[in-house]
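Have a look at the structure below, then the notes.
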Amino acid sequence: MEKSWSFNIGPVYFDGAVLVMTVLTCAIVFGLVIWASRKMTLRPKGKQNVLEWMIEFVNGVSKDNMGGTESRRYSLFVFVLFAFIFVSNNIGLMTKIETANSLNYWKSPTADVGVTLTLSLMVALVANLSGVKRYGFKGYLKHAFFSPAAMLPMKLMEEFVNFLSLALRLFGNIFAGEIVLSLVAQLGNSHIYYLPVAIALEVLWIAFSLFIGALQSYVFILLSTMYINEKIAEED
């Protein structure tokens with residue numbers, strides 16, 4: 001059974017593969033943005049075109065759900081969220097590093113439920129703190145949970161379900177994709193006759209996984225902007 005290597009600092013244990021891959025993902029996102037934004041011109045081309053298209057795409061999703069004024073306040077947060085998730089979803093497709101005792105050293109960060117729960121928690125904190133900033137603490141509680149008061153249990157359950165579903169949807173899709181890739185790799189290693197079939201299946205599944213990774217990045221920011229807007233939208 002596959003497992004990640006881990007280490008501890010005192011009583012606290014860390015998943016080494018997830019930690020290293022998360023740092024690597026952040027470095028890749030930061031490096032690509034710096035590289036694509038160097039020597040920018042008024043008439044974009046090449047790498048600048050790709051970066052501007054990504055920014056416009058993310059801003060378009062935010063604007064559709066939050067309106068022009070509000071979307072500008074969260075544009076950087078949503079773009080970074082999208083870029084991180086997109087790279088995280090696909091970095092595990094590049095290769096596989098595993099030791100003889102089944103310790104995994106390379107995986108997509110979003111194939112770990114702890115990472116997706118953290119991303120979901122981050123969105124929940126931004127949404128709820130934005131609501132507090134907009135309405136004040138008491139006003140926000142009334143707006144989000146006591147309107148009407150009888151709906152408080154349902155509102156609390158809705159908060160929990162939104163938080164959990166946002167994380168588990170992303171985790172389930174990416175984790176399942178990596179499991180299938182592992183099974184295809186095992187098929188190729190089982191016998192030389194299966195190798196051509198395994199290679200063909202792996203190419204097809206990687207192409208499909210790239211699509212799923214991009215789709216899940218879009219879905220995550222779509223639901224996140226809708227969630228934030230729900231907390232800050234003015235009541236009719």
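Worth saying up front: this structure is predicted, and the values here are computed from it rather than measured. Counting from 1, the numbers follow the sequence of the chain as shown.
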Please report the interatomic distance CD1(Ile174) to OG(Ser217), rounded to the nearest 0.5 Å.
7.0 Å
Can you spot which of Tyr74, Phe57, Phe77 makes a ring pair (Phe, Tyr, Trp, His ring centres under 6.0 Å) with Phe82?
Phe57
Within this structure, what is the NZ-CZ distance for the pair Lys63 and Arg72, rounded to the nearest 0.5 Å?
7.5 Å
Contact summary for Ser108 and Gly92, nearest pair of heavy atoms
OG-N, 2.9 Å
Is the closest side-chain heavy-atom distance between Val29 and Val80 below 4.5 Å?
no
With hydrophobic residues grouped by side-chain heavy-atom distances under 4.5 Å, do Leu222 and Leu215 end up in a single group?
yes
What closest approach, in Å, do Asn90 and Gly213 show between heavy atoms, and which atom pair accounts for it?
OD1-CA, 4.1 Å
What closest approach, in Å, do Asn229 and Met66 show between heavy atoms, and which atom pair accounts for it?
OD1-CA, 3.6 Å
Taking everything shown except Lys47 itself, do over 12 heavy atoms lie less than 6.0 Å from its NZ?
yes
Within a strict 4.5 Å, meaning less than it, do heavy atoms of the Thr22 and Phe84 side chains meet?
yes
Heavy atoms from other residues, nucleotides or ligands near OH of Tyr218 exceed 12 (cutoff 6.0 Å)
no
Atom CD1 of Ile232 and atom CZ of Arg73: how far apart are they, to the nearest 0.5 Å?
7.5 Å
Could you state whether Leu223 and Met122 fall into the same hydrophobic cluster, counting links through intermediate Ile, Leu, Val, Met, Phe, Trp or Tyr residues with side-chain heavy atoms under 4.5 angstrom apart?
yes
Would you mind reporting whether Val113 and Leu168 have side-chain heavy atoms less than 4.5 Å apart?
yes
So Leu166 and Ser224, do their side chains get closer than 4.5 Å, heavy atoms only?
yes
How long is the span from the CD1 atom in Ile91 to the CH2 atom in Trp106, to the nearest 0.5 Å?
5.0 Å
Is Phe208 close to Val180 at the side-chain level, that is, under 4.5 Å between some pair of heavy atoms?
no
I'd like to know if Met226 and Leu129 are part of one continuous hydrophobic network [Ile/Leu/Val/Met/Phe/Trp/Tyr, side-chain heavy atoms within less than 4.5 Å].
no
Between OH on residue Tyr140 and NZ on residue Lys231, distance to nearest 0.5 Å
4.0 Å
In this structure, CG of Leu170 is separated from CD1 of Ile212 (nearest 0.5 Å) by 11.5 Å
Phe30 reachable from Leu51 in the ILVMFWY side-chain graph, under 4.5 Å edges
no
Tell me whether Phe160 shares a hydrophobic cluster with Phe171, the cluster being built from Ile, Leu, Val, Met, Phe, Trp, Tyr side chains joined at under 4.5 Å.
yes
Closest heavy-atom pair and its distance - Pro109, Thr25:
CG-OG1, 3.6 Å
Heavy-atom closest pair (Phe175 atom, Ala111 atom, distance to 0.1 Å) is CD1-O, 3.5 Å
Which heavy-atom pair separates Glu230 from His143 by the least distance, and what is that distance?
O-NE2, 3.6 Å
List the steps and the verdict of side chain to side chain contact (heavy atoms under 4.5 Å, CB included) for Thr116 and Phe220.
CA-CA 10 Å; Thr116 59; Phe220 196 94; 5.9 Å; no
Donor-acceptor pair, Ser120 side chain versus Leu117 backbone, under 3.5 Å?
no
Is a donor from one side chain sitting under 3.5 angstrom from an acceptor on the other, for Asn89 and Thr110?
yes
pair Glu159-Tyr227: side-chain heavy atoms closer than 4.5 Å:
yes
Does a sphere of radius 6.0 Å around CE in Met54 hold more than 12 heavy atoms from other residues, nucleotides or ligands, not counting ones at 6.0 Å or beyond?
yes
Run the side chain to side chain contact (heavy atoms under 4.5 Å, CB included) check on Val18 and Val115 step by step: do they pass?
CA-CA 8 Å; Val18 170; Val115 173; 3.4 Å; yes
